[in-house]
Structures are given as structure tokens and as C-alpha cells.
K.L.:
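One structure is given below, represented as C-alpha cells, and several questions about it will come after.
Predicted model only: the values in this text are computed from it and were never measured. Excluded from the calculations below are hydrogen atoms, water molecules and symmetry mates; all remaining heavy atoms, backbone and side chain alike, are included.
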Amino acid sequence: MNDGVGTMRLLVAADSGVAAAVTEAVRRRLPRVDIEEVRTAAAGLTLLDDADADAGFDCVVSADDVGATDALEFLAAVRKRDAALPFLVVAGGDCEVTASDALDAGVTDYVRVRGPERYDEVAARVERTVAASGRRPVDPSLVYERVFEQILEGACLYDRDGRFILVSDLLAGLYGATPAELEGERSRLVETIREERPGDPYQRLLDGETDSLEGETELVTPDGESRILSYRFAPLRMAGEVVGVIGVSRDVTERQEREQKLKRAREEYQELIDGMNDTVWVIDIDSHILAVNETAVELLGYSRDELLSMTVHDIDAGLSDDEASALVTQMPTDGTQVFETVHRAKDGREIPVEISSSLVTYRGETVVLSVARDITTRKRYEAELREQNRLLETQRDELGVLNQVVRHDVRNDLQLVTAYAELLAEYVDDGDAREYVEIVRRRANHAVELTKTARDMAEMMSTRGVETKPVPLREVLDAEIASVRDMAPDANVAVDGEVPPVTVLADDMLGSVFRNLLMNAIQHTDEDEPTVDVSVTHAEREDRVVVRVADDGRGVPDERKDAIFAKDEKGLESRGTGLGLYLVQSLVEKYGGDVWVEDNDPSGSVFAVELRLVDGGQSDSDQSSPTRS
């Protein structure tokens, strides 16, 4: 102090505009003040060095930039001269010195100024800073102000009428004002509480009828924004008399919004899992059931409260307690665990389920979320499928035995009959008798063909699927034509042109397709010497080839051209079984081809088989494949 009677001496280091604003505001608040203004930190340090002990400065107010020196550098230099000298920083809107940097460096106070009204706040801070430093006699009201200023909640002191006496910065900010602007104003919060709660609870505090008043309420701020405040009031007593009320409030709007969102999220989550057809379980690491959905309640027959008092061991009938516990404790941290088990309902029913589990966070704890799907129907289908597969395997085995009998035993006996019929014909001179022998031979040959067809049918039926491969067309077709010529020497089987050397997509049973078409052409004619013409041409699609087998028989009416390929369908007055053409169509469709019947000119039928070519139809010399006749 320069005169010992309370005059404050202040050093203001700033440009002329800031210095003038600080000086004007301080003089309005503190009439007894001596102010020195400087423009640079160097000038300020000179004044501090020249000041004697009795006329020293009580406080330094510095802009964030003082000439070529920033405020923190200025602070460091001041502290070397007087470690206890209060140092207040006034920061502009674009200040690079932040509050945290300044406070970390040791400034006494920091005020950011964005308008002229904030300089009044600077003046108030100067007064409080000097008072707290002990350089002037302490005014008790300033001590209270300083305490309120440091409280991190919205704190204030009300008079008996509910007017502000002291206000913390945090609470003033809620109202969009400075503490000085609120002093003497009525509190919106007090008025709101008096309106909402019966019996004037504020007056009861003043009358000593209650020691505290607390709760939450909605407050509309001067800018029209609605906020939720949590408050607590207590009476301020001096000399046994209530002179006012201390109020502490906190803005809990965001907290309440978070709680409401969390509540809505939980409700939506519950609605979501309750709407699922699968049962949903939340389980802790000790296997206790923490939450379930409505489907679990309905499916198992327990109430929700019953389930929430149980563990997974109480409902799991498919796993031992150790196995179930191990699945819970050994859950992968970054994946899903899928397994099957059985759940036991309250009435004893056992329900097979497939469970998909993963780790999630539930109410702050790591738990297991499990979704269990009822797989009763699937299990039944699987059992039926296993039984069907077993029956199919049995039928396949029995079919194999039948094929063995037909292929070897019956066919061998029929071939002996054919051979002996041909020998017998040499010893029979009578014309009628020779005709009978010839009928026996033809029927025996036909029966041999039937054994081949039966064999091919059995092989096709015993095959689960078909894997096509390149097959040389000319080699297979020539072999079957030669075989038919041997079996039916009276038939005239001719090839129109030359069979192209191409490969087609088929398998080892392609020969059965041509053999059945050739035998069908010979059997369905009234001629003693039937004529069969075979031709091979490229189809309209470049990747296909068409093999045609034409006969001079009775033909096929238009209404039967599609039905003739059906199983058990026989031609008019046919001597066949109807299986040959069915086998043809079945095999060709497996090869990805097509088969149909056309009219021959002037009479008879043409059976056409369309097959897929391999890579545009490469020649037989480039492909080789085993064939069968």
C-alpha cells in the first residue's frame, strides 16, 4: 500500500484500449485506487524494480500479449521479483494463452473478455484477488464471494425475499449473466419451487421449520431454454438467526436426457427381444439368469420371476453342470459360440435348441447373451431324413443284388437259350418249326436287351448324382450301331453321312441312350426288314449337336409325342416295357440335353437327342473316354 489507509496500487500492462477499459472499470468499483498503465512487459518490470517497499504494487493485470512478450513470460519475470504478487490475466477472444496453461503456470486469476460488460468482472476479480492476498484489510463479504467463485456447482446466497446476494460464476452462466448482474435480482428457481410445492417450503426454511429443501425441477432460462436443475437449500444462521438461504444447484438436463434415452433403449430392447420367436437369455459368468424375453416365459411355462431366480443348470437337460459352466466361462471374447442342447420346460417337456451366444455389456457388467432356437421340427426332419437315407441305402443294396442277378444269371441263361436256338435251327427242316425256333431266338434276344435296360436303370437309380465328362460321340454311336446290327441282322441300320469326330458332355451310360433308341426303332415296325437311318447334325446353338434315329414304323400321334417318354408308357401295340424311352429321357436330362420325337417322311418317327459339345466340340483324337456297349 502506498499510504497505509487502504489505497490500492495497480499495474496494468496492455495496449491502450484494454488498459483504458480495465482502468475505467476498476475506478468505478474501487474509488481509492492508484493505477499505472504500461504498454510493454519491459516497462512494467522497470516500474516494479523502481517501487520501494512502502509504495509497492498490490496487483498486476496483464493482457495475454504485452508488446513482444506473452503474459506467461511476463508472469515468470514478475515472480522472480515478488513471488506473492497477485497476477491476473485478461484474455481476448483470439487468445493463444488458454486458462489451463495460465493456471498451470501459476497466475492468480484468468478472465476471458468478449465484450465491454466483462471488464466489470475484471474489476471484481481484482478486488477479490487483492483482498485474498492479505495486502489489504479483508472484507468478509469478499471472502464469501471468493468461496462461492471457487465452488464447481451452481452456488448462491439468497436473502429472506429470495433475492441473490452472492452468485457463483457457474450459476450466473446458467442465467446467461455475470454474478454482478444477478445480485439483487429475484431467483427464478426460488419462485418456481414456491409455485410447484405446497406450503411455501422456502418460508419454512426461513422460519426454522425444516433444515433443508431439495429436489429437481424444470427451469426456463432467460433465453427460453428449458433445463432440469437438481437443488439443495439450507438456512444461513448468524447469531442464532436465519438471515438467508444457501442454495446449491446442478444442471442435470443432460443426465436426465441420458437416463431417459437409456430407459427408452431398455424398453425398446425389451420390446425387441420380447417380439422374437426365439428365446433370449442374459446370463452372468456364474450361470445365473439375469434377463429373458417373453418367448422364453411362454415356451418353458415358467413365470419371468421364476426364471430370474434360476440358473442355466435348472433348465438345461442336454449338458452336465460342468459342461454348461465351461461354455459360459470359456466364451470367446470376439466371436460367437454356437452349440446344441436341450431345454426342459416346467411341465417336463424337453425341447431341442440351437444356441448362439456372445459376450455383451449389460448394466455395466460383461455377460453372455444367448439366443436359443427351437429346433424340434428340424430334428424331426433330420431323423426322417436319416431313416429315408437308411431305407435308400437298403434299397440301393437290394437293387445291386437284383442287378447282379439280372446282369449275370438271367442274362447268361438267355444267351444260352439264344445259342441253342440257333443250333436247333440247323436241325429243323419243317418251315413252321423253323419259324417257331426263330421266334424263340428273337424273344430271347429281346429278353437280353431287357436285362441290359434293367441293368442301366438300376445303375442310374443307384447313382446319387451325375458328373458329366467328355465322351467321344462317334466311338460310342458306332459301337451301338454295330451291336444292334449283330442282334437284328434283318434290320437295315444305315448312317447318313459321316458321324463328326466331336466330344459331348455325358458319362459311361451314353451308349444306353443310343441302344434303346435303335432297338425302339426296330421293334416299332411291321416290316420284316425294318429300316433305321441315323444322322448327326449341329444344332441351331453352336455348342450343341443333334443325333436323329429315324424309323419306318407306325409313327407317334401328336397327342402322345410328350407322354411317350414317361415311365411305363408303351407305344401302340408295343412289345416293349416302356422303360427304354424313360431311361433315354432321364439320362439325356442329366447330361443337360434334350430329347423329342418328330414325324418321319413318308411314315414313321424320328427320335432326336440334343447333347452339349465340349469346348465347341473338339475331335475324338483330342479326347479319350472308356465306353460301354
K.L.:
Crowded around Arg79 CZ? As in, over 12 foreign heavy atoms under 6.0 Å?
P.N.:
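Result for CZ/Arg79: enclosed.
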
K.L.:
Taking atom CD as the centre, does Glu384 end up with more than 12 heavy-atom neighbours from other residues, nucleotides or ligands that are less than 6.0 angstrom away?
P.N.:
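Buried by this count: over 12 neighbours within 6.0 Å.
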
K.L.:
Between Glu382 and Lys379, is there a side-chain N and carboxylate O pair less than 4.0 Å apart?
P.N.:
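Salt bridge present between Glu382 and Lys379.
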
K.L.:
What heavy-atom pair brings Met8 and Asp58 nearest, and what distance separates the two atoms?
P.N.:
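That closest heavy-atom pairing would be CA-OD2, 3.3 Å.
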
K.L.:
Please tell me if the side chains of Glu294 and Arg304 come closer than 4.5 Å, counting only heavy atoms from C-beta onward.
P.N.:
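Yes - at least one pair of side-chain heavy atoms lies under 4.5 Å apart.
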
K.L.:
Would Thr40 and Thr69 count as a side-chain contact (heavy atoms from CB on, under 4.5 Å) here? Give the steps.
P.N.:
CA-CA 8 Å; Thr40 65; Thr69 306; over 6 Å; no

K.L.:
In terms of the angle between their ring planes, are Phe164 and Tyr158 parallel, tilted or perpendicular, with boundaries placed at 30° and 60°?
P.N.:
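Geometry flag for Tyr158 against Phe164: tilted rings.
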
K.L.:
Would you call Ser370 and Gln337 a side-chain contact if the rule is heavy atoms closer than 4.5 Å?
P.N.:
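SC-SC contact between Ser370 and Gln337 ruled out.
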
K.L.:
Taking side chain as C-beta onward, heavy atoms only, is Leu48 less than 4.5 Å from Leu85?
P.N.:
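Yes, at least one pair of side-chain atoms sits under 4.5 Å.
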
K.L.:
Kindly give the heavy-atom pair with the smallest separation between Val66 and Arg39, and that separation in Å.
P.N.:
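Taking Val66 first and Arg39 second, the nearest heavy atoms are CG1-O, 3.8 Å.
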
K.L.:
What do the steps show when you test Tyr175 against Glu185 for side-chain contact (heavy atoms from CB on, under 4.5 Å), and what is the final call?
P.N.:
CA-CA 11 Å; Tyr175 285 91; Glu185 296 292 329; over 6 Å; no

K.L.:
Tell me whether the count of non-hydrogen atoms from other residues, nucleotides or ligands lying under 6.0 Å of CZ in Phe339 goes above 12.
P.N.:
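Enclosed: over 12 neighbouring heavy atoms sit under 6.0 Å from CZ of Phe339.
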
K.L.:
Test side-chain contact (heavy atoms from CB on, under 4.5 Å) on Thr217 and Tyr231; report intermediate values, then the result.
P.N.:
CA-CA 8 Å; Thr217 188; Tyr231 61 85; 4.0 Å; yes

K.L.:
For Glu365, I'd like to know if atom CD has over 12 heavy atoms of other residues, nucleotides or ligands within 6.0 Å.
P.N.:
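Open.
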
K.L.:
Answer yes if the side chains of Ser303 and Asp305 hold a donor-acceptor pair under 3.5 Å, and no otherwise.
P.N.:
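Checked: Ser303/Asp305 side chains show no N/O donor-acceptor pair below 3.5 Å.
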
K.L.:
Does a donor on one side chain and an acceptor on the other come within less than 3.5 Å for Asp322 and Ser320?
P.N.:
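Their side chains do not contain a donor-acceptor pair, so the 3.5 Å distance test is not met.
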
K.L.:
Side-chain contact, heavy-atom cut-off 4.5 Å: Glu340 with Arg373?
P.N.:
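Of all side-chain heavy-atom pairs linking Arg373 with Glu340, none is under 4.5 Å.
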
K.L.:
Could you check whether any side-chain N or O of Asn293 sits under 3.5 Å from a backbone N or O of Val280, counting only pairs where one atom can act as donor and the other as acceptor?
P.N.:
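Judged by distance alone, yes, a pair lies under 3.5 Å.
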
K.L.:
If you count heavy atoms of other groups shown closer than 6.0 angstrom to CD1 of Ile285, is the number above 12?
P.N.:
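Count not over threshold, so no.
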
K.L.:
Of all heavy-atom pairs between Leu229 and Asp251, which one has the smallest distance, and what is that distance?
P.N.:
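Taking every non-hydrogen atom into account, CD2-CA, 3.7 Å.
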
K.L.:
Taking His288's backbone N and O only, do any of them form a donor-acceptor pair with Asp286's side chain (distance below 3.5 Å, no angle check)?
P.N.:
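Checked: no pair found.
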
